[in-house]
Amino acid sequence: MCYQTKITKKKEEMQRHFDAGIKGLDEFEPSEVIKAFDFPKTPVITDEDEHLIQLYQWGLIPYWADASWNRNYTLNARIETLDSKPSFKNITANRCLILINGFYEWQHVGNSKIKYEIGFNNELFALAGLYDHWADTKTYTVVTTEAKGVMREIHNSKLRMPVALYTQHEMRAWLHNQEVVPRYDFTTNPGLYQQQTLF
DNA sequence: CCAGACGTTGTT
DNA sequence: GTCTGG
DNA sequence: CCAGACGTTGTT
DNA sequence: GTCTGG
């Protein structure tokens with residue numbers, strides 16, 4: 001899974017990096033830790049306009065959802081079952097890029113856990129996402145897959161990781177519904193935080 | 001057949 | 001809206 | 001979809 | 001076996 005990200009880059013740098021304009025990012029503030037369970041609005045690029053960065057809210061709300069919808073459960077979407085889940089199957093072509101320069105995951109060691117920052121030397125990159133857009137509601141979910149490589153060592157409890165895209169080619173492929181191989185050659189920064197698990 | 005679910009499993 | 005558990 | 005029903009109303 | 005209630 002993936003519930004915490006990092007976006008410390010300025011708008012101007014994101015524009016340059018992703019070769020895109022910007023719309024409605026006034027309320028965006030770079031942040032060391034972005035928490036999914038707060039349902040934050042974060043910068044994304046959708047397949048509707050690959051040269052525009054806009055804010056979408058983390059936590060997918062399908063267009064048919066009613067007031068009882070619980071976004072806690074649509075912060076992530078398992079890539080293995082996208083085509084069969086009612087919440088995702090009709091939007092598997094609504095591709096977006098979630099713009100970040102790091103994300104966080106916890107490693108369980110004995111009965112404590114260590115927080116890692118994961119990324120590409122603090123460079124900008126993207127997570128693969130799906131979005132829905134209806135009325136004023138613009139929301140997204142982060143697509144996850146089986147953890148590989150170093151991610152199996154770090155995220156050793158759930159063995160999941162977000163689908164990460166690094167090159168422009170990978171990002172375009174995702175937006176165009178083409179096969180992508182999720183990245184796992186991350187740089188990692190351990191020990192940001194350590195916590196005894198409660199017993 | 002239709003009511004009820006639909007999504008994932010975590011942080012301070 | 002579609003799917004599915006009862 | 002699958003577990004569980006599936007039949008009728010009387011004779012000494 | 002088929003039908004149907006849940």
Side-chain angles (χ1 to χ4, degrees), chain A residues 1-8 29-42 44 46 48 56-96 98 100-119 127-148 150-164 174 182 184 186 188-199:
Chain A
M1 59 280 189
C2 176
Y3 294 132
Q4 284 193 21
T5 61
K6 171 190 187 185
I7 316 172
T8 52
E29 281 296 329
S31 169
E32 193 70 38
V33 182
I34 304 220
K35 297 176 183 180
F37 290 92
D38 295 338
F39 313 118
K41 290 180 177 176
T42 80
V44 304
T46 75
E48 289 179 325
Y56 267 60
Q57 193 170 26
W58 197 348
L60 188 95
I61 307 178
Y63 69 97
W64 43 261
D66 63 17
S68 70
W69 191 252
N70 188 347
R71 290 172 292 178
N72 286 0
Y73 303 130
T74 45
L75 297 168
N76 290 177
R78 300 173 68 92
I79 199 167
E80 297 92 333
T81 50
L82 287 184
D83 294 325
S84 60
K85 298 290 183 180
S87 296
F88 305 129
K89 64 177 302 174
N90 30 11
I91 57 158
T92 56
N94 288 9
R95 304 287 181 99
C96 67
I98 295 135
I100 62 174
N101 58 310
F103 65 94
Y104 303 97
E105 220 53 272
W106 294 82
Q107 180 182 47
H108 291 251
V109 182
N111 50 345
S112 67
K113 48 185 184 172
I114 303 166
K115 188 177 186 177
Y116 279 70
E117 181 189 332
I118 300 148
L127 300 183
L130 300 178
Y131 67 90
D132 209 345
H133 177 193
W134 48 278
D136 295 332
T137 305
K138 295 178 168 184
T139 58
Y140 71 82
T141 187
V142 171
V143 174
T144 66
T145 188
E146 185 186 44
K148 287 206 171 197
V150 67
M151 288 305 297
R152 294 187 75 80
E153 310 307 318
I154 294 177
H155 198 198
N156 54 356
S157 59
K158 302 296 178 187
L159 299 176
R160 303 293 299 172
M161 67 177 184
V163 173
W174 175 254
Y184 56 92
F186 299 113
T188 65
N189 180 15
L192 298 173
Y193 191 91
Q194 188 158 355
Q195 184 189 61
Q196 292 301 117
T197 49
L198 310 168
F199 237 111

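Residue numbers start from 1 in every chain, and the chains themselves are labelled A, B, ... in the order their sequence lines are given, proteins ahead of strands.
Ring-plane geometry between A/Phe37 and A/Tyr3 is classed as tilted, the angle between the planes lying from 30 to 60 degrees on a 0 to 90 degree scale.
Taking the C1' atoms as reference points, D/dG7 lies 22 Å from E/dG6, given to the whole Å. Nucleotides C/dC3 and D/dC1 have their C1' atoms positioned 11 Å apart, rounded to a whole Å. Across C/dT2 and D/dT8, the matching P atoms stand 40 Å from one another, rounded to whole Å. On the C1' atoms, E/dG1 is 26 Å away from D/dT9, given to the nearest whole Å. Distance noted for atom P between E/dG5 and B/dA3: 14 Å (whole Å).
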(request) Take A/Thr42 and A/Ile34, measure what side chain to side chain contact (heavy atoms under 4.5 Å, CB included) needs, and give me the verdict at the end. (result) CA-CA 9 Å; A/Thr42 80; A/Ile34 304 220; 4.0 Å; yes
(request) Just do the side chain to side chain contact (heavy atoms under 4.5 Å, CB included) check on A/Tyr56 and A/Ile98 with the steps written out, would you? (result) CA-CA 9 Å; A/Tyr56 267 60; A/Ile98 295 135; over 6 Å; no
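In this structure, CD1 on A/Ile154 lies 4.5 Å from CD1 on A/Ile118, to the nearest 0.5 angstrom. Of the inter-residue distances, the one linking A/Lys113 atom NZ with A/His108 atom NE2 reads 5.5 Å to the nearest 0.5 angstrom. In this structure, A/Gln107 CD and A/Met151 CE are separated by 10.0 Å, a value rounded to the nearest 0.5 Å.
Between A/Leu60 atom CG and C/dG1 atom C1' the separation is 14 Å, expressed in whole Å. If you measure from atom CG of A/Leu159 to atom C1' of B/dT9, you get 14 Å, rounded to the nearest angstrom. Note: CZ (A/Phe39) to C1' (B/dG10) measures 12 Å, nearest angstrom.
Using a 4.0 Å cut-off, some side-chain N or O of A/Lys113 falls inside it from OP1 or OP2 of B/dT11. When the side-chain nitrogen and oxygen atoms of A/Lys89 are compared with OP1 and OP2 of C/dT2, none of them lie within a distance under 4.0 Å.
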(message) Output one letter per nucleotide in nucleotides 3-8 of chain B: B when a protein non-hydrogen atom lies under 4.0 Å from the base, S when only the sugar-phosphate is that close, - when neither is.
(response) ---BBB
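Classified by its glycosidic torsion, B/dT9 falls in the syn category, the angle being within 90° of 0.
Residue whose closest nucleotide on DNA chain B sits further toward the 5' end, between A/Cys2 and A/Lys35: A/Cys2.
Partner assigned to D/dC2 is E/dG5, using Watson-Crick or G-U wobble distances below 3.5 angstrom. In this structure, B/dT8 makes no Watson-Crick or G-U wobble pair, since no nucleotide meets both defining distances under 3.5 angstrom.
There is no side-chain donor-acceptor pair under 3.5 Å between A/Thr46 and A/Tyr140.
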